Amino acid sequence: SKRQWSLADFDVGKPLGKGKFGRVYLAREIKSKYIVALKVIFKEQIEKYGLQHQLRREMEIQTALRHPNVLRLHGWFHDDERIFLILEYAHGGELYRELRKLGHLSETQAATYIHSLTKALAYCHDKHVIHRDIKPENLLLDHEGRLKIADFGWSVQSRSKRHTMCGTLDYLAPEMVEKKAHDYSVDNWTLGILCYEFLYGVPPFEAESQKDTFKRILKVDLTFPSTPDVSAEAKDLISRLLVKDSSKRLSLQKIMEHPWIVKNAKPMGICPT
Ligand SMILES: CC[C@@H](NC(=O)c1cc2[nH]nc(NC(=O)c3ccc(N4CCN(C)CC4)cc3)c2s1)c1ccccc1
């Protein structure tokens, strides 16, 4: 019973954030008083960059995904110049703001978020979806501090081996940098990048220029600073994910069973900030 929505159904509030092709606003569905995030995307922008198919894929993918760590897409509607996505509202905002505020996360927080991400990715991969653009900006927190993956704008159904350069450089796996065919395991690489960034506050291959970042990624030039003091188990997990040969990266199942995750991750995916 897909209900037809329109802008008249919502009270639109303050802007929450903006991305490449649109903005997100706090909104309330008038009849139910249900709070949502309304993502407004301009058709001419999408047409200008030929991203209609990509946006349609994002909408089809995110509507079909039902997981506690994946932001829900409740529905959509459009008018002459805009497309509106009715998204779950994540009250806690962007994880990367929390990361910037704290500098780096505790091993409990980092392991809890990595565990939640791993479960969400295992669910997505089971549905043949590769996100390809997991980065702190796309990770949100709900009112209980539970992690939610947002913005499937770059995700693909794994059937198409086609690749398009996407995502910020720091998170790109070597095979994507080398424009080789890539598969699910790019998301495993990214989990390693994120785990490092959660614990150290910066991504592992950060460099002055894009070229240097590319070189460091291709060399897997991984070094661990002496501070903050990070456990050997955490470094072990990171080292088993940031592996150039994508077939040798730790599987999502093995990540969930890794001693550092088992010891530090909160079972319900919620940890006191
Ligand atoms: C991830 C980018 C993507 N975003 C979404 O899809 C987004 C979907 C979605 N649902 N809920 C959100 N919540 C917020 O954005 C938010 C931000 C700050 C908040 N706080 C400020 C600090 N305060 C102390 C607590 C409350 C609370 C909620 C967002 S963003 C996007 C993509 C394209 C265009 C626009 C946005």
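Index from 1, following the sequence. All ligand and atom numbering here is 1-based and tracks the order in the structure. Model, not experiment: these values are computed from the prediction.
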Anything under 30° is parallel, anything over 60° is perpendicular, the rest tilted; go ahead and classify [X] against [Y].
X	Y	value
Phe198	Tyr113	perpendicular
Trp189	Phe205	parallel
His74	Tyr34	perpendicular

Suppose we measure from [atom] to each protein heavy atom; which comes out shortest, and what is that distance?
atom	result
atom 10 (N) of ligand 1	Glu88 O, 2.9 Å
atom 32 (C) of ligand 1	Lys39 NZ, 3.4 Å
atom 4 (N) of ligand 1	Val24 CG2, 3.9 Å
atom 28 (C) of ligand 1	Ala90 O, 3.1 Å
atom 15 (O) of ligand 1	Leu16 CB, 3.5 Å
atom 9 (C) of ligand 1	Leu140 CD1, 3.5 Å
atom 34 (C) of ligand 1	Gly19 N, 3.2 Å
atom 26 (C) of ligand 1	His91 O, 3.5 Å

Worksheet item: NZ of Lys266: more than 12 outside heavy atoms within 6.0 angstrom?
Response: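 No, not enclosed.
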Are the side chains of [X] and [Y] in touch, meaning some heavy atoms are under 4.5 Å apart?
X	Y	value
Leu242	Arg249	no
Leu218	Glu178	yes
Leu139	Leu194	yes
Phe224	Pro204	no

*Return a yes/no value: protein heavy atom under 4.0 Å from atom 21 (C) of ligand 1?*
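No, because not a single protein heavy atom sits under 4.0 Å from atom 21 (C) of ligand 1.
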Identify, by atom number and element, the atoms of ligand 1 in contact range of [X], meaning under 4.0 Å from any of its heavy atoms.
X	result
Glu137	1 (C)
Leu71	8 (C), 9 (C), 10 (N)
Ala37	9 (C), 10 (N), 11 (N)

* Asked: In Å, rounded to the nearest 0.5 Å, how long is the span from NE2 of His53 to CD of Glu60?
  ->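 One gets 11.5 Å once the value is rounded to the nearest 0.5 Å.
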Decide whether an N or O pair under 3.5 Å exists between Gly93 and ligand 1.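 No, there is no polar N/O contact under 3.5 Å.
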